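So the structure is just underneath, and the comments pick up after that.
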Amino acid sequence: MNRKEGEAMKIVFDSAGETDILVYPAYVEETFPYKLRDDRRSAGTVTWLLGRTEEERDVLAVGMGERGASTLERVRRAAGSAARALRREGRRSAVLMRAAGGAEGSIAAADWAQAWTEGWLLGLYRYETYREATKDRGSVELALRSADWPELSREALEAAVGTGRVRADGAMLARDLVNESPVTLHPDRFAEWMAEYFDREDVPVKVRVYRGQDLADREMNGLLAVGAGSKHRPALVEIRYEGDPRLPMLALVGKGVTFDMGGMNAKTAGDITDARMDMGGAAAVVGAMDILVRSRAQVNVVALIPVVDNVPDAAAILPSTIIRYPNGLTVEVANTDGEGRLILADALLHAANLGAAEAVDIATLTGNVGAALGLGLAGIWGDEGMSGRLVEIGERNGERLWPMPLMDEYESELRSPYADLRNVGRSPYGGAILAALFIRRFVAPGMRWVHIDMAGTVQYKQDESYSEMGATGYGARLLADYAAERAGDARDALKETES
């Protein structure tokens with residue numbers, strides 16, 4: 001599952017070799033070297049213009065819409081669409097034909113190059129671990145010409161592309177994890193893999209895995225209860241990266257249910273293969289940490305990933321079980337398919353014990369959020385300042401969020417006659433809000449917190465601009481960007497204090 005640069009992901013500079021295809025961004029109502037209607041220049045379109053002779057090269061026109069309306073996400077989507085179109089046609093190389101000195105509206109050249117790189121690489125992604133006869137072994141090489149980027153030195157252009165590659169690799173790592181079979185990526189192996197993957201001597205990162213007696217000693221009873229039905233041991237994985245230990249600690253908490261059968265409240269749908277994707281939050285956190293560590297970001301972040309299977313067995317937790325948490329709360333498990341919030345509670349309490357100033361939890365928590373927001377937006381609850389910053393970041397990098405309310409009046413739905421709380425409400429309405437309200441009860445006073453429900457955004461149901469059907473890798477770039485921006489603000493505050 002380690003991301004490695006393959007032939008299909010190659011980007012070269014000033015290549016002397018002949019390329020198959022010329023890729024032209026095409027803007028509405030602007031000069032274009034070929035005849036092309038304006039409706040073929042709208043964002044999201046790709047048009048083949050085939051050479052009329054063997055000497056005349058084929059052209060792929062990529063619609064960009066109006067230049068003044070350009071966004072980084074539009075650039076990513078255009079690049080992904082171009083890469084996918086080339087691969088579908090079996091083309092093996094292309095050169096990006098950017099007009100020399102061409103401004104891209106309000107987008108800086110380096111940001112445009114980075115966004116194009118992200119979209120291009122994400123568009124080429126294929127999960128082919130288990131393919132044999134249908135595996136695509138072809139490659140698509142992209143060439144960039146330094147002369148087309150007069151605003152940037154060759155070094156600056158290469159740096160922008162390199163940053164885009166690191167970010168795309170983090171997202172693709174998250175995709176790999178979410179797509180992986182639960183037979184291979186079960187709790188034991190997932191915990192071991194994280195410890196191995198982040199075992200690095202060149203960066204200040206440390207991994208600790210809590211299992212068995214360690215969980216019992218720390219009263220992580222949510223994990224122990226949910227994992228009781230699986231032959232694989234539950235674990236809490238702690239990945240601490242101190243790029244700048246002077247800064248307040250940020251905790252990134254990702255739900256890692258490697259297969260969610262629902263426990264004793266077993267799922268009954270005809271196809272539940274996507275139950276393996278219930279660790280999308282964990283994958284997002286791993287992808288974010290990969291980006292931060294590889295870019296040597298000056299941040300102080302701890303990733304907390306509770307890992308578990310939720311399957312029925314003679315030893316599995318029963319509905320009506322009472323779980324005791326070390327903050328003094330007891331929880332009646334009214335439905336064993338509401339397991340994610342039970343393990344996030346453990347991780348958030350642990351974040352407070354580590355001294356985290358802020359926490360972001362991210363989880364494929366409720367189908368309810370998808371019913372409310374569709375598959376293009378995740379919901380976010382909690383601290384308004386944190387939520388606002390994350391929403392802004394999501395608008396820039398394409399991992400979009402929509403602020404949702406914490407309705408205090410709804411907490412009555414979580415009352416239990418047997419314990420302090422139920423893990424699910426009695427009503428079929430507002431389930432995503434109720435889940436957020438439940439999780440809030442395990443956030444320490446003074447710790448800023450937001451909850452992200454990404455159940456709708458964890459996978460594409462059909463091929464999209466820069467992704468094939470399957471895992472999206474949602475959250476990796478979002479969390480990494482937030483950690484970096486937050487660290488920048490904290491450093492500025494330190495400088496003011498010191499001066």
Side-chain angles (χ1 to χ4, degrees), residues 3-27 30 32-33 57 59-62 64 67-68 70-84 86-87 91-125 139-172 290-292 294-298 396-398 465-466 477 480-481 484 488:
R3 294 303 308 169
K4 295 180 180 178
E5 181 180 340
E7 291 184 358
M9 304 292 186
K10 192 173 183 182
I11 298 177
V12 299
F13 300 87
D14 300 320
S15 173
E18 191 75 8
T19 56
D20 292 341
I21 308 296
L22 305 178
V23 177
Y24 278 91
Y27 292 91
E30 292 192 10
F32 194 72
R57 283 189 283 182
V59 169
L60 184 65
V62 186
M64 302 295 294
R67 189 182 293 268
S70 288
T71 64
L72 292 173
E73 179 64 3
R74 184 175 290 185
V75 174
R76 278 186 288 268
R77 288 177 173 269
S81 295
R84 287 168 54 77
L86 287 161
R87 193 161 193 171
R91 304 306 179 98
R92 297 310 178 206
S93 62
V95 59
L96 177 61
M97 305 296 291
R98 179 176 182 261
E104 306 295 345
S106 60
I107 302 175
D111 294 337
W112 201 97
Q114 177 187 311
W116 183 275
T117 301
E118 287 180 33
W120 179 269
L121 297 177
L122 290 171
L124 290 178
Y125 173 88
S139 65
V140 183
E141 178 181 280
L142 177 67
L144 302 180
R145 305 184 305 179
S146 299
D148 291 344
W149 305 82
E151 314 96 320
L152 302 174
S153 65
R154 167 73 178 262
E155 292 75 17
L157 178 59
E158 290 182 358
V161 170
T163 299
R165 179 179 292 283
V166 168
R167 294 167 60 77
D169 281 348
M172 290 188 288
D290 185 57
I291 293 170
L292 293 170
R294 288 180 58 193
S295 59
R296 289 174 167 74
Q298 298 300 297
R396 292 198 303 270
N397 70 17
S465 55
Y466 52 74
R477 292 174 296 132
D481 288 348

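Here the structure is a predicted model, which means the values were calculated and not measured.
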Carboxylate-amine/guanidinium proximity below 4.0 Å for [X] and [Y]:
X      : Y      : answer
Glu118 : Arg477 : yes
Arg294 : Asp290 : yes
Arg87  : Glu141 : no
Arg167 : Asp481 : yes

Parallel, tilted or perpendicular: which fits the ring planes of Tyr24 and Phe32, with parallel below 30° and perpendicular above 60°?
->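 Rings of Tyr24 and Phe32: perpendicular, as their planes differ by over 60°.
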Between [atom1] on residue [X] and [atom2] on residue [Y], distance to nearest 0.5 Å:
X      : Y      : atom1 : atom2 : answer
Thr163 : Asp111 : OG1   : CG    : 10.0 Å
Asp148 : Arg145 : CG    : CZ    : 4.0 Å
Arg165 : Trp120 : CZ    : CH2   : 12.0 Å
Glu158 : Ser146 : CD    : OG    : 7.0 Å
Met64  : Glu30  : CE    : CD    : 10.5 Å
Ile107 : Arg74  : CD1   : CZ    : 9.0 Å

Determine yes or no for a side-chain-to-main-chain donor-acceptor pair under 3.5 angstrom, with Arg77 supplying the side chain and Tyr466 the backbone.
->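 Judged by distance alone, no pair lies under 3.5 Å.
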Report yes or no: does Arg76 contribute a side-chain atom to a donor-acceptor pair with the main-chain N or O of Asn397 at less than 3.5 Å?
->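 Present.
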Under the salt bridge (charged side-chain N to carboxylate O under 4.0 Å, His left out) rule, collect the residues that match up with Arg92, sequence neighbours excluded.
->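 Result, salt bridge (charged side-chain N to carboxylate O under 4.0 Å, His left out) vs Arg92: none returned.
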For Trp112 and Ser70, run side-chain contact (heavy atoms from CB on, under 4.5 Å): C-alpha distance rounded to whole Å, both residues' side-chain angles, the deciding distance at 0.1 Å, then the answer.
-> CA-CA 10 Å; Trp112 201 97; Ser70 288; 5.6 Å; no
